[in-house]
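Below: one structure, written as structure tokens.
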Amino acid sequence: MNIQIYDNLSELNEAFTDWIKELLEEKGKLTISLSGGSTPKSLFDYWSKHHKEDIDWSSIYLFWGDERAVAPTDSESNYKMTKDHLLDNVAIPEKNIFRIKGENDPEEEANRYSSVLEEELELKNNIPSFDIIILGMGDDGHTASIFPYEINLWDDSRHCVVGTHPDSGQKRVSLTGTAINNADNVAFLVTGAGKAEKVKEIVGGAGGDEMKYPAARVEPTSGNLFWFMDKEAAKLLM
Ligand code: 6PG
């Protein structure tokens, strides 16, 4: 596990971008799975402001790790967040964008998106393999849209399943642990003091009981795992 801790969000965004640019240079193109949440929103704003020109957006292929069962115009849509904060601002071709269709029946969409991943990504062990999966971690230890109370979905053999938000009951299409752990690189972006307790348990291995959290089960079988954090999120590690 590679742990990177930064003083603030802009330093984190800058370092994360340098890392992506290096990988892009190495590979020539990148398949990236995005997450929802507040940290990516800040990253997308940063890219729109500072990296419109020096990243070859036509070599970036975007997918999502999870999506809420809402229309792409809904304020809760992860696609809409990305469109508003990134896609509308950089020269990324439409054909490079593979969204999860939140407006479809969730179970059918999980199957459809699994097929999209099989067609568009390199297969490793017969499972689609992303170059990079960006993940957030919820205060409850969830990641993508696999929640602790549905931990059985983590090991589901499908690439995508339907998770249900524990409070709102909202359905969400999500990658499984099977797909997540088959990536070349998985990068958590975690910021804010609200995450510190779970970071201590999961990254610091403090409790011994952390495998109940989906975020603790992220362990790419033959890839790399990165935790990019600000010092607030990491404060109980030190
Ligand atoms: C979503 C997510 C989810 C998110 C975490 C962290 O669609 O809600 O993909 O897993 O990444 O809840 O969110 P923050 O970055 O806002 O803390």
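Both counts, for ligands and for their atoms, begin at 1 and track the order of listing. Since the structure is predicted, the reported quantities are computational estimates derived from the model, not experimental observations.
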Looking only at non-hydrogen atoms, the one of E76, K41, E67, M137 nearest atom 6 (C) of ligand 1 is M137
Parallel, tilted or perpendicular: which describes the rings of F147 and H165, with under 30° parallel and over 60° perpendicular? perpendicular
Should the heavy atoms of other residues, nucleotides or ligands under 6.0 Å from CG of D54 be counted, would the total exceed 12? yes
Where is the nearest protein heavy atom to atom 13 (O) of ligand 1: which residue, which atom, and how far? G37 CA, 3.7 Å
Would you mind listing which atoms of ligand 1 come within a distance below 4.0 Å of any non-hydrogen atom of H142? 3 (C), 5 (C), 10 (O), 12 (O)
Please state which protein non-hydrogen atom is closest to atom 7 (O) of ligand 1 and give its distance, to 0.1 Å? N78 ND2, 2.9 Å
With a 6.0 Å cut-off on ring centres, are F130 and F63 close enough? yes
For A144, which part has a heavy atom under 4.0 Å from ligand 1: side chain, backbone, both, or neither? backbone
Give yes or no for whether the N/O distance cutoff of 3.5 Å, strictly under, is met between G36 and ligand 1. yes
Contacting atoms of ligand 1, where contact means under 4.0 angstrom from a heavy atom of G136: 11 (O)
Any N/O pair S38/ligand 1 closer than 3.5 Å: yes
Do ligand 1 and D66 have nitrogen or oxygen atoms that lie under 3.5 Å from each other? yes
For ligand 1, note which part of R68 has a heavy atom under 4.0 Å away: side chain, backbone, both or neither. side chain
Using heavy atoms and a threshold below 4.0 Å, how should the contact between T191 and ligand 1 be classified: side chain, backbone, both, or neither? neither
Please confirm whether Y113 and W64 have ring centers closer than 6.0 angstrom. no
Compute both the distance and the angle, then confirm whether K231 meets the cation-pi test with Y6: under 6.0 Å from the six-membered ring centre, within 45 degrees of the axis. no
Can you pull out the closest protein heavy atom to atom 17 (O) of ligand 1? Residue, atom name and distance to 0.1 Å, please. K195 NZ, 2.3 Å
Beyond-backbone contact of V161 with E150, side-chain heavy atoms, under 4.5 angstrom: no
Taking the side chain as everything from C-beta on, heavy atoms only, tell me whether W154 gets closer than 4.5 Å to N181. yes
Interatomic spacing from CG in L153 to OG in S174 - rounded to 0.5 Å: 8.0 Å
Side chains of L175 and L117 in contact at under 4.5 Å (non-hydrogen atoms): yes
Kindly confirm or rule out an N or O of L135 lying under 3.5 angstrom from an N or O of ligand 1. no
